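Shown next, in C-alpha cells, is the structure this report addresses.
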Amino acid sequence: MTDTVTTREAFVHPALFYRGAQQYVAGTVPFVLAGLAAGEPVAVAAPPDRLQLIRDGLGARADEVRFVDMTEAGRNPGRIIPAVLRGFADAHRDGRVRIIGEPIWPGRTPVEYPACVQHEALINAAFTGREVTILCPYDAAALEGGVLDDAWATHPVVIDEDGETASALYDPEAAVARYNEALSVPPGAETFFFQGSGQLSEAREFAVGHGERMGLSGPALEDLALAVAELTTNSVIHGAGGGTLGIWPEGEYVVCQVHDAGRLMDPLAGRRPQTPTRPGGRGLLLVNHVADLVRTHTGDPGTTIRFYLAR
Amino acid sequence: MDVSLGGLPAAPPRHGARLEAHPLSERPGVRVVGEVTLDTRRAWQEALGRLAQHGGTPLHVELSEVAFIDVAGVTDLVTAVRSLPKGQRLVVHRPPPQMARVLDIFWPGEGRIEVAP
C-alpha cells in the first residue's frame with residue numbers, strides 16, 4: 001500500500017524584496033487586502049514611514065488592521081517573536097493570521113544585525129505548523145547585498161519584481177549558527193565572579209551600582225536589576241553554579257553580560273510567550289522584554305547573554 | 001558566634017539574601033522584610049501559603065521593606081492569588097518597583113492583585 005502524504009506547511013514565511021515606495025505598496029497592500037477579504041486578522045509591524053505607506057494605500061480599510069511601530073516594539077529583535085508576532089497570532093487562534101513584519105531596515109547597526117538575522121531564522125521554528133503567514137519586506141535598494149543573501153537563507157520563499165522564487169539557499173539553522181558570534185568583555189569593563197545562590201544579591205548590587213555610575217537611572221536601573229537577577233539565577237541553576245558578570249558603557253548604552261559554563265540547547269529560549277499559569281521559564285523572556293538589544297553566544301566555552309539598556 | 005575584637009561587632013558576613021515574614025497585627029495578611037531571590041524563595045512561598053489561613057477580605061501583603069523581587073517571586077505571588085478562594089483579593093502595599101514591571105509584562109490585567117503605592 002502506498003501512502004501519499006501531502007505535506008503542505010501551514011506556516012508561510014516569504015521575504016519581499018522591494019525597491020522604492022511604489023514596489024513597497026504593490027507588495028504589501030494587496031497582501032493585506034487579501035487577508036481582510038479572507039476574514040483573517042491582519043497586523044503590520046514596520047518602521048513608521050513604512051506603516052504610513054500601507055495606511056495610505058489601504059485608505060478606510062486601515063481601521064481593520066493592527067499597526068505596530070517595529071522600531072519600538074521590535075527594537076530588540078529577540079522580543080519580536082514573543083511580543084509582536086506570537087502576541088498577535090496567539091490572540092487569534094481560530095483560523096489563519098496574516099502579519100507583515102519588517103525587522104531589518106537600513107538604520108539597523110552592525111551590533112543589532114546578528115540578532116536580526118537570528119530572529120528571522122528562528123521565526124520558522126517558532127511557527128512551524130501554525131496557520132500563520134508572515135511577510136517580511138526588505139528594502140533591496142538600500143540594504144547591503146549581504147543582508148539580502150541572509151534573507152534567502154532565512155525565508156523559504158522570496159518575492160521580488162520578477163515574482164515568487166523558492167529559495168535554494170534556505171537554511172535557517174545555518175543562519176543562526178553563522179551569527180552565533182563570540183561576545184568577549186572589552187578591556188576596562190567592570191567584572192564580578194559569582195558562585196552559588198549566596199552571591200546573587202551581591203552580583204545584582206554590583207551591576208546596579210556600576211550601572212548607576214554609568215548613567216542609568218529610574219526604570220532603566222530597575223530593569224538592569226531584574227535582568228541581572230534573572231541571568232545570574234539562570235547561571236546558578238543551569239550554568240555550573242556560577243559565572244561572570246561584566247558591565248560597561250558603550251555609546252548611548254550601558255551594556256551588561258553574564259557568561260557561564262552552561263550550554264543553551266534551546267534556540268527558542270526567551271522567545272516563547274509563557275502561558276500565565278506556567279510556574280517558570282520567564283528569565284530570558286524578561287530580559288528580551290526589558291532590553292533594547294539582546295545578543296547571545298553559546299558554544300564550547302559556555303553561554304553568554306549580553307543586553308543593552310539605553311541611558 | 002562571631003568573635004568581636006575590642007567590643008566592636010564584626011560586620012555581618014554576606015551569605016545571600018534573607019527574608020522574614022510577620023503576620024500583620026491590624027488586618028489580615030503578612031509583612032515581609034528582606035528580598036525575594038533564589039535563596040529566599042522557599043520562605044516567600046511559605047509566607048504566601050500561610051495567607052490563605054487569614055480570615056477576611058481582602059488580604060494584605062506589606063512589602064515596603066522588601067528591596068527586590070525577581071520574576072520567580074512575582075510568579076509565586078500570582079500563583080498564590082490564583083489559588084485563593086473565588087472572590088478573595090490581595091492588596092500589595094509598597095512593593096519594590098520590579099513587581100509592577102513584571103506583572104505588567106507577564107500578567108497584564110491580573111485583577112485580583114491590587115498594588116497600593
Side-chain angles (χ1 to χ4, degrees), chain A residues 73 76 79 82-83 87 91 192 194-208 217-239 241-242 270 272-291 309, chain B residues 11-20 32-45 48-49 63 65-84 90 94-113 115 117:
Chain A
N76 170 25
R79 185 165 63 217
F192 183 87
F194 60 97
Q195 187 66 38
S197 61
Q199 282 194 295
L200 289 173
S201 303
E202 272 178 273
R204 194 184 72 240
E205 285 162 11
F206 176 89
V208 168
S217 61
L221 201 58
E222 288 148 16
D223 285 346
L224 174 68
L226 263 178
V228 166
E230 295 310 313
L231 295 178
T232 51
T233 301
N234 277 354
S235 294
V236 168
I237 297 173
H238 306 292
R272 285 188 196 87
Q274 291 296 11
T275 50
T277 49
R278 205 187 127 126
R282 293 188 178 81
L284 274 178
L285 189 58
L286 180 283
V287 181
N288 268 330
H289 269 281
V290 303
L309 291 170
Chain B
R14 295 247 4 205
H15 286 304
R18 63 187 185 88
L19 188 97
E20 295 163 23
V32 182
V33 179
E35 56 184 54
V36 183
T37 67
L38 184 60
D39 260 355
T40 58
R41 191 172 184 190
R42 179 163 298 195
W44 170 244
Q45 287 174 333
L48 293 172
L63 295 180
E65 291 169 90
V66 170
F68 181 80
I69 182 165
D70 64 8
V71 175
V74 180
T75 307
D76 291 335
L77 181 79
V78 173
T79 305
V81 167
R82 292 182 173 193
S83 70
L84 291 173
L90 193 71
R94 298 170 68 191
Q98 290 83 18
M99 178 177 282
R101 179 76 159 137
V102 173
L103 283 174
D104 192 45
I105 291 173
F106 295 121
W107 296 277
E110 173 54 67
R112 293 173 77 190
I113 300 177
V115 176

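Predicted model, so just to flag it, every value in this text is computed and none were measured. Numbers restart at 1 for each chain; the letters A, B, ... are given by sequence-line order, proteins then strands.
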message: Given heavy-atom pairs under 4.5 angstrom as the criterion, report whether the side chain, backbone, both or neither of A:Gln274 touches chain B.
response: neither

- request: Show your reasoning for whether side chain to side chain contact (heavy atoms under 4.5 Å, CB included) applies to B:Asp70 and A:Arg204.
  value: CA-CA 11 Å; B:Asp70 64 8; A:Arg204 194 184 72 240; over 6 Å; no

- prompt: Do you know which two heavy atoms are closest between A:Glu230 and B:Val71, and how far apart they sit?
  reply: OE2-N, 2.9 Å

task: Please flag which part of B:Thr79 lies under 4.5 Å from any non-hydrogen atom of chain A: side chain, backbone, both or neither.
output: neither

task: Considering only heavy atoms, give the residues of residues 102-112 of chain B separated from chain A by less than 4.5 Å, sorted numerically, with 'none' for an empty result.
output: B:Val102, B:Ile105, B:Phe106, B:Trp107

query: If you measure from CG on B:Leu38 to CD1 on A:Ile237, what distance do you get to the nearest 0.5 Å?
result: 5.0 Å

- request: May I ask you to decide if A:Ala225's main-chain N or O and B:Gln98's side chain share a donor-acceptor pair within less than 3.5 Å?
  value: no

Any side-chain heavy-atom pair of B:Val74 and A:Arg282 under 4.5 Å: no

message: Using heavy-atom distances under 4.5 Å, tell me whether A:Val236 contacts chain B through its side chain, its backbone, both, or neither.
response: side chain

message: Can you confirm whether B:Arg94 is buried at CZ, in the sense that more than 12 heavy atoms of other residues, nucleotides or ligands lie under 6.0 Å from that atom?
response: no

- line: When the 4.5 angstrom heavy-atom criterion is applied to A:Leu286 and chain B, the contacting part is both

field: Those residues that, when tested against A:Phe206, pass ring-ring contact (aromatic ring centres under 6.0 Å, His included) (two or more places apart)
entry: A:Phe192, A:His210

